[in-house]
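Take a look at the structure set out below.
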Amino acid sequence: MKKMMTLWILSIAAFASSTVTISTVKPVLNSQPITIEADGIVVPKNETVLTAQASGIFHPFVYNNQSVKKGDKIAKIVDERRVHKLKLLKDRLALQKIELKSQAVKVNDAKDMYTMGVGAKNNYLSAKMLLQQLKESYQTNKNEYTTLLLEEHNSNVYASQDGFITNLLSQNAYVNYQTQLATLLTKETSVKLFVDLAYAKKLHKNMQVILRSNYVHSKGTIIDILNNSSNNLVEIMVKPDESMPLNLHVNASIILKNVTGIQLPKDSIVLVDNHPAVYVIKDNVAHLVFVAIQKDMIQSVLIKTPLAADAQIALKNAYLLHDGLEVTIK
């Protein structure tokens, strides 16, 4: 028994006196972004609801999801009664113009005869009154004609900008003024992100955003922070640097700031009393240095603790070291 105890003590002593073989790395100055992660979706930059500016039967010239250009005729709202009435009013106005011209001559003749004393004053006043009545009737018909003509002009529905047609009303549907006919989505897109309310105050316009999806990776810029929120999420609008398909789901990293520090492999970081630290090797002796981690990455960390550019930082077997331990560098 005493022999076994002696061997155990000797083995511990041998281990304590032996050196640990390690590898080292040198600190690398680097800059990394501090980000907030968020999910989002690609939406049209602008969305215009097209409404009827006339009543009648809806006749579309496009179909859902069709691409259109500014000025393209999208639909026509047909009302045969309106067309027929416009023709009647036009003809009536032409006749009334002739009547007005003829009555104006009669008024002048009656005035001349009354002035010369060969005509009755009542004849002149009656002719003048009839002329006024004809003018009022003409103006009433003209106003109605102008209103109907404007409605007929507005019965033609045109694209106000380049985009895509969605939510198109069905063929031959009867529509009234302000009935929704279709939605025009612009080809330019934005990305709507949903950010945790706790981070909202840290965001502002012109912040840079990294956008990732199965379709394309891109960058963008925050253009608006919307006031409305839902489920503790704030909506953030981002302008992407390149076009992305509508309704595409994306993951985004919003860059709060860029930090500069020393980048080291994670394996070089050890925990001593729950504080991160590294071992700086000098003259083959390990010296413990506590560090402050600025950013934790997949394979490395960024620390702000200053280290000499030529410092040797323990990497392999760093977890076996303690302050003042002699090491062998491989």
Side-chain angles (χ1 to χ4, degrees), residues 11-40 193-204 206-212 217-222 232 234 236 238 250-330:
S11 63
I12 292 176
F15 177 79
S17 61
S18 64
T19 61
V20 178
T21 301
I22 64 167
S23 65
T24 62
V25 293
K26 288 187 177 181
V28 177
L29 187 66
N30 199 359
S31 179
Q32 289 288 332
I34 301 297
T35 62
I36 293 173
E37 299 300 311
D39 293 324
L193 299 179
F194 304 95
V195 178
D196 192 295
L197 193 61
Y199 300 117
K201 292 183 179 180
K202 297 181 180 180
L203 306 181
H204 57 76
N206 300 320
M207 273 186 165
Q208 297 300 301
V209 180
I210 301 171
L211 302 169
R212 297 177 294 273
H217 287 11
S218 180
K219 293 184 179 180
T221 307
I222 293 180
N232 288 327
V234 177
I236 308 295
V238 174
V250 300
N251 176 261
S253 299
I254 303 173
I255 302 174
L256 296 179
K257 61 179 180 178
N258 286 299
V259 292
T260 300
I262 303 297
Q263 185 169 342
L264 293 172
K266 271 190 177 180
D267 288 346
S268 67
I269 304 297
V270 295
L271 283 178
V272 178
D273 296 330
N274 285 326
H275 293 290
V278 296
Y279 284 103
V280 178
I281 309 304
K282 188 174 182 180
D283 297 329
N284 290 337
V285 176
H287 300 276
L288 181 67
V289 176
F290 288 102
V291 297
I293 296 178
Q294 297 189 92
K295 185 175 182 179
D296 190 343
M297 294 168 281
I298 296 175
Q299 299 293 336
S300 61
V301 293
L302 197 72
I303 65 172
K304 64 179 180 180
T305 307
L307 295 172
D310 60 349
Q312 290 182 301
I313 310 300
L315 178 60
K316 182 181 178 181
N317 294 329
Y319 67 94
L320 296 175
L321 306 183
H322 60 78
D323 194 33
L325 181 66
E326 186 175 339
V327 298
T328 300
I329 300 175
K330 184 178 180 179

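- Contacts of T35 classified as side chain to side chain donor-acceptor pair (under 3.5 Å), with partners at least two apart in sequence or in another chain: E37.
- Scanning both residues, P27 and A311, for their nearest heavy atoms gives CD-O, 3.2 Å.
- For the pair V278/I269, a side-chain contact is recorded, criterion being any heavy-atom separation below 4.5 Å from C-beta on.
- When all heavy atoms of P265 and V25 are compared, the closest pair comes out as CD-CG2, 4.0 Å.
- Considering only residues two or more places apart in sequence or on other chains, I222 meets the side-chain contact (heavy atoms from CB on, under 4.5 Å) condition with M207, V209, I225, I236, V238, I254.
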Could you go through the side chain to side chain contact (heavy atoms under 4.5 Å, CB included) check for I36 and L203 one step at a time? CA-CA 10 Å; I36 293 173; L203 306 181; 4.0 Å; yes
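- The side-chain contact (heavy atoms from CB on, under 4.5 Å) check on D267 picks up L315, with sequence neighbours excluded.
- In this structure, CG in L193 is found 6.5 Å from CG in L211, a value given to the nearest 0.5 Å.
- I281 CD1 to I22 CD1: the interatomic distance, rounded to the nearest 0.5 Å, is 3.5 Å.
- Listed by chain and residue number, L197 satisfy the side-chain contact (heavy atoms from CB on, under 4.5 Å) test with N232 (two or more places apart in sequence, or in another chain).
- The side chain to side chain donor-acceptor pair (under 3.5 Å) contacts involving residues 269-293 comprise nothing, where partners must be two or more places apart or lie in separate chains.
- Looking at S253, its side chain never comes within 3.5 Å of a backbone N or O of I210 through a donor-acceptor pair.
- In terms of heavy-atom proximity, A38 sits nearest to F194 at CB-O, 3.7 Å.
- Put simply, the side chain of I262 does not reach to within 4.5 Å of the side chain of T305, judged on heavy atoms.
- Rounded to the nearest 0.5 Å, atoms OG (S31) and NZ (K257) are 11.5 Å apart.
- The side-chain contact (heavy atoms from CB on, under 4.5 Å) test applied to A198 returns D196, not counting sequence neighbours.
- Here the shortest heavy-atom pairing between A286 and V327 reads CB-CG1, 4.4 Å.
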Show your reasoning for whether side chain to side chain contact (heavy atoms under 4.5 Å, CB included) applies to I313 and V280. CA-CA 5 Å; I313 310 300; V280 178; 3.8 Å; yes
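- Within the 4.5 Å cutoff, the side chain of T21 has no heavy atoms near those of the I329 side chain.
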Mind listing the side-chain donor-acceptor pairs of residues 294-304 below 3.5 Å, one per line with the distance, residues two or more places apart or on another chain?
| residue | atom | partner | partner atom | Å |
| --- | --- | --- | --- | --- |
| Q294 | NE2 | T260 | O | 3.2 |
| K295 | NZ | P33 | O | 2.5 |
| D296 | OD1 | K266 | NZ | 2.8 |
| S300 | OG | Q263 | NE2 | 3.0 |

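- For N251, the side chain to side chain donor-acceptor pair (under 3.5 Å) partners at least two apart in sequence or on another chain are D39, R212.
- Shown here for A314 and S268, the closest heavy-atom pair between the two residues is O-CB, 3.3 Å.
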